[in-house]
Amino acid sequence: MEYNFRAIEKKWQESWTRNSVYKVNTDPSLPKYYVLDMFPYPSGAGLHVGHPLGYIASDIFSRHKRLKGFNVLHPMGYDSFGLPAEQYAIEHGIPPAVSTAKNISTFRQQLDKIGFCYDWSREVQTSDAGYYKWTQWIFLQLFGSWYNRKTQKTESIDGLEKIFSTAGNAAHECPGDRKLVFSAEEWSAYSYKEQQEILMQYRVAYCGYGEVNWCEALGTVLANDEVINGVSERGGFPVVRKKLRQWYLRITEYADRLVSGLDTVDFSESMKEMQTNWIGKSYGAEIDFKLVSGELKDGHVLKVYTTRPDTIFGVDFMVIAPEHELVHQITTSGQQAAVDEYLAYVNSRSERERMAEKKITGTFTGAYAVNPFDGREIPVWISEYVLAGYGTGAIMGVPCGDERDHKFANYFNIPITNIIGSYYDGVEANATKDAMLENSGFLNGIVMRDAGAIVIARLEEMGIGQRRVNYKMRDAAFSRQRYWGEPFPIIWKDGVAIPLPESELPLMLPHLDDLRPGPEGEGPLANVPNWKEHGGGVREVNTMPGYAGSSWYFLRYMDPQNDSAFCSREASDYWNQVDLYIGGTEHAVGHLLYSRMWTKALFDLGYLGFDEPYKRLVNQGKIGGDSRLVYRVRGTNTFVSAGLKDGYEADELHADVNMVNGFELDTEAFIKWKPDFDGAQFILENGKYICGSRLEKMSKRYFNVVNPDDIVERYGADTFRMYEMFLGPVEQDKPWDTKGIEGVHRFLKKVWRLFVDEEKGKVLVTDAEPTAAEWKALYRMIKKIDEDTERFSFNTAVSTFMIGANELSDLKCHKKQVLEKFAVSLAAYAPHMAEELWQILGKEGSVLNSPWPAVEEQYLVETSKVYPVAINGKTRTELSLSLDATQHQVEELVLADQTVQKWLEGKAPKKVIYVKNKMINLVV
RNA sequence: GCGCAUGUGGCGUAAUUGGUAGCCGCGCCAGACUUAGGAUCUGGUGUUUCACGACGUGGGGGUUCGAGUCCCUCCAUGCGCACCA
């Protein structure tokens, strides 16, 4: 009766399914705990051993919380809309729905083998009509809302219409077109269409023209977080800036709350940092400079944004972005040719080139801007280093205080004004705020730090500037010119977007065989006239981006079958925030920000009772591959062992890690691996072919992928689970190393032998009363497992298990009372074995339904302890002391000790440091 | 360049609060049982030294009776951001 993990795991997995052991219900009489994994995109590649790391951690934590008496919600689902399935369909002719379903099924099979405690009755798939009905519904709520900056809340657009008709928009600056101002009378005089266009500029989900990231290869626009270094995140295709009509989410209105909300949640510092940087809040001023130019008449101003209004007397030039609207108006005829040439150059550079090589370029426009305080005329330049999308797309150049401005001035020989005295050395700019201002008119003698406020006050007085907060974050592009996503529940009639009534949701995605793009950069849905034309208008043919469905999925799990609401208030009030969210760092600025924003909007609109979705976020590390390398002597079919390769001119090739035992290559398998290697010869060292190794990403390309199925087949799911945890802290990146798994496997076999005599094939469990030593070993282990698990230190918990098993094994403890509690404590980490042991002990039902074993502290209490006694930190002797001795008693005992007296030579110590349970130190 | 994180045996790692550094596992060494072992079990294993001892947590400095832990500084690695005015 050896430890037959294959039979045991199969048996219990079937039993769990049959008895719906993991089904949970809303039950207000029980405390709840919500453990969530970032749901996967079901790709066709299948899982490697790195993927389940976070799932295993969350599974252990969920089971542990359940043993501790919580009603645990631990669901799983699929982010099943998205680009790759559509690309795959175009390349292979398999409809996205079909390939997605197949991938999900593979995925599920792999997951099931690991023995997770997901409540699959709550599974969601974002591409299900029953799910995306509510994605569309939430979109309509966002479309039907605006962000009231006065109340800092998402509010109904109907309320805004009422405000407009009674008071115009004086109190509510238009977030789209800031110059738009109208009175109540003017509002009433606008046509219906004009009114709708204005409202559109206030909506939280809105449609507008704007610069977007257009990816030609993917045939769609992308959000900023989907573009990395000028190329698409998916596929690495070039991305260009393009003006298009697109849907957006007005996430910028939530910027402040997205930053301040981080104080209320438990995310890692680096994660908070990333989000804060992405949002990029900065404080400064907007200043109007009067423009003078040969071609221009009065009244034109150049609006710049600066975070350093205190440096205004140091302005030596202005720079506007090449795309700035004033470029053409202010350029003088003398500079026209130079400007045209420069603009042509800028247009010829792709976004990618621009980012890759940062050259100092630019040209003078011929125009001047007037410094409002000293009347200096300042040349206005164009340069690509100024970004059109940030601030006003124009800056004031202060070379002595800004590195980039300094380089620019030097490059173009613009004279530099020094306003910071000795702080500026003439060689490098100095961005200090500590300098006392010079050459700065009315600011002379004032420290820079204090001057900003004075300048702003003066500007406001003069009506040519004001305090301004800016964000790096842009509104999020929300439409995609693709097929495999949620259709927008919008109909366009005479240029006005009409929301579909709720009763017509879901708006089903029609089946399409042909996924070619539609005309004029529209998506494939534009090719389907009888779908597109509807009710006297045309449907929106774009679809929603991948992050639409994932922005709220954690809510749907709470109430997955509800057909009359995305999630009932009853369910969301009970399950509330996600207590623990586990996933990778790659979603730091995409999914995490969007879902936080959606939660805030739904909260404002009264659909939720909380406005931060995730109470605690843990980012699991990535598991890398440990590749194996072989060395082929150039031009031959001979391979040289790693230790001898330096004597040859050899090329490095990857060998499949599955053909290598440790570092020793299975040459037979290698020869059979690829036709190329047929008849290969090997130059061996000590009779073995030793491979080289390298740590790199786990990828098919490097033949270093380890499939969890293989590991589970060979060692069992329980061993796999515990080994993944044993590898190191969950949050740390680490390489996979199959070798060490034996140790964990041995542990489980050792546990098995506490219960069963393998040779004689009988159960060893006895009813004898445990000894104090046995209780102590058990309780020490249980107490520490609990602590380790609660503080997410799963690797030390596994070590603790091993120590416990070693101790009980040494004590030959086969006693039922001890083993019962042992089995329960194992239920989170090795659930299959725990169930089997539970059954061996003659218990009914699932071990998961028993409470976490109470620790009887009296067995852990030590009455006396041997203390090292040190003089000035140096250990001199040891003393056995009663643990409940007072400090005074300790001192007396120590001083009475002969060895101590000898060392002290009759003198009294200055201080006696008594470190509880650790040591006693005498300071002399 | 800026920001954040991390540096401990041959390897993965451990070390409540500053309190005997190296738990647990891998690997390695020795042994037991075996026809056999890539099975199981026992013991050993930071460096150095015959030994007593000395040294030892990336380098240097500091605080302290006492530092892997706190402070300063330098170095290395990883991640994120990268013309955001």
Side-chain angles (χ1 to χ4, degrees), chain A residues 2 228-229 268-278 280-282 284 304-308 311 319 354-355 358-360 383-387 389-398 401-405 407-408 431 470-474 585-586 588-589 619 621-622 661-662 664 722-723 726-729 731-747 749-750 753 758-759 784 787-788 791 793 795-806 809 866-868 870-875 878 909-924:
Chain A
E2 62 175 9
I228 317 275
N229 289 329
S268 71
E269 279 312 307
S270 63
M271 185 61 50
K272 288 185 181 182
E273 184 85 16
M274 270 192 249
Q275 295 202 8
T276 310
N277 287 347
W278 181 262
K281 185 175 185 176
S282 71
V304 306
Y305 173 72
T306 178
T307 53
R308 296 296 300 273
T311 62
V319 188
R354 211 180 61 72
M355 288 177 135
K358 281 162 191 160
K359 300 194 279 191
I360 301 172
S383 175
E384 57 182 338
Y385 89 88
V386 171
L387 306 175
Y390 182 75
T392 60
I395 61 146
M396 54 183 222
V398 182
D402 184 281
E403 194 51 50
R404 295 152 303 177
D405 296 346
K407 285 186 179 143
F408 191 83
N470 248 310
Y471 300 94
K472 283 200 257 182
M473 184 170 67
R474 305 267 70 97
T585 48
E586 64 272 22
V589 291
N619 299 113
K622 289 186 193 49
N661 179 23
E664 187 186 346
M722 291 189 91
Y723 184 57
F726 186 64
L727 235 32
E731 293 168 82
Q732 191 172 299
D733 288 348
K734 49 204 161 241
W736 175 263
D737 171 21
T738 303
K739 265 193 157 179
I741 201 170
E742 293 285 352
V744 173
H745 194 60
R746 264 179 221 136
F747 155 74
K749 286 198 272 193
K750 190 172 272 184
R753 287 196 301 270
E758 293 186 299
E759 279 168 29
K784 184 143 194 301
E787 288 165 1
D788 287 346
R791 71 188 170 102
S793 180
N795 53 330
T796 58
V798 176
S799 294
T800 306
F801 268 121
M802 290 177 174
I803 296 167
N806 285 344
S809 177
V866 177
Y867 288 82
I871 318 261
N872 285 348
K874 198 162 179 86
T875 306
E878 289 185 334
K910 273 189 229 153
K911 201 170 25 162
V912 178
I913 300 168
Y914 169 64
V915 182
K916 199 163 186 283
N917 288 337
K918 294 281 184 182
M919 69 179 307
I920 297 150
N921 189 18
L922 307 176
V923 181
V924 295

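We name chains A, B, ... by the order of the sequence lines, and we start the count at 1 in each one. Just so we're clear, the structure is a prediction, and the values are computed from it rather than from any experiment.
Note: CG (A/N806) to P (B/C24) measures 8 Å, nearest angstrom. Here B/G80 presents its P atom at 15 Å from NZ of A/K472, a figure rounded to the nearest Å. We find that NZ of A/K750 is positioned 10 Å from P of B/U40, with the value rounded to whole Å. The CE-C1' distance, from A/M274 to B/G80, rounds to 5 Å in whole Å. Between A/K272 atom NZ and B/G3 atom P the separation is 20 Å, expressed in whole Å. Remark: P of B/C26 and OH of A/Y723 are 10 Å apart, rounded to the nearest angstrom. Nucleotide B/G12 holds its C1' atom 16 Å from the CD atom of A/E742, rounded to whole Å. For A/F726 and B/A14, the CZ to P distance is 10 Å, given to the nearest whole Å.
Between A/V386 and A/I395, the shortest heavy-atom contact is CG2-CG1, 3.6 Å. Taking all atoms of both residues into account, the shortest heavy-atom contact from A/Y471 to A/K281 is CE2-CG, 3.5 Å.
In summary, the side chains of A/Y385 and A/D405 do present a donor paired with an acceptor at a separation below 3.5 Å, with no hydrogens or angles considered.
Using a 4.0 Å cut-off, no side-chain N or O of A/N277 falls inside it from OP1 or OP2 of B/G80. Look at A/Y390 and you'll find a side-chain N or O under 4.0 angstrom from OP1 or OP2 of B/A85. The side chain of A/N619 places no N or O atom within less than 4.0 Å of a non-bridging phosphate oxygen (OP1 or OP2) of B/C79. Regarding contacts with the backbone of B/G25, every side-chain N or O of A/R746 stays at 4.0 angstrom or more from both OP1 and OP2. Of the side-chain N and O atoms in A/R753, one or more sit less than 4.0 angstrom from OP1 or OP2 of B/C41. A/K739 has no side-chain polar atom (N or O) that falls below the 4.0 Å cut-off from OP1 or OP2 of B/G27.
When both pairing distances are held under 3.5 Å, B/G66 makes no Watson-Crick or G-U pair with any nucleotide shown. Remark: B/G3 base-pairs with B/C79. Criterion, Watson-Crick or G-U wobble with two distances under 3.5 Å. With a cut-off of 3.5 Å on both Watson-Crick or G-U wobble distances, the partner of B/A30 is given as B/U42. When Watson-Crick and G-U wobble pairs are counted only if both distances are under 3.5 Å, B/U16 pairs with no nucleotide at all.
The 5' end of RNA chain B is approached more closely, in terms of each residue's nearest nucleotide, by A/L727 than by the other of A/L727 and A/D402. Comparing A/K784 and A/D405 against RNA chain B, the residue whose closest nucleotide sits nearer the 5' end is A/K784.
Within the nucleic acid shown, A/T585 has no heavy atom closer than 4.0 Å to any nucleic acid atom. Here A/R474 lies out of heavy-atom contact (under 4.0 Å) with every strand. Counting any heavy atom pair closer than 4.0 Å across all strands shown, A/P735 reaches no nucleic acid atom. At the heavy-atom level, A/V798 lies nowhere under 4.0 Å from the strands shown. Within the nucleic acid shown, A/I803 comes within 4.0 Å of sugar-phosphate atoms alone, with no base atom in reach, counting heavy atoms only.
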Side chain to side chain contact (heavy atoms under 4.5 Å, CB included) assessment of A/T796 paired with A/R791: CA-CA 10 Å; A/T796 58; A/R791 71 188 170 102; 4.0 Å; yes
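Comparing B/U34 with B/U45, their C1' atoms are spaced 26 Å from each other, to the whole Å. B/U64 and B/G18 are spaced 9 Å apart, taking the C1' atom of each and rounding to whole Å.
Counting heavy atoms of neighbouring residues, nucleotides and ligands inside a 6.0 Å radius, atom NZ of A/K407 does not exceed 12 of them.
Regarding the sugar-base torsion, B/G9 falls in the syn class, its angle being within 90° of 0.
Between A/F747 and A/F801, the ring planes lie tilted relative to each other; the angle falls in the 30° to 60° range.
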What are the atom names and distances for every N/O pair under 3.5 Å that joins the protein to nucleotides 4-10 of chain B?
none

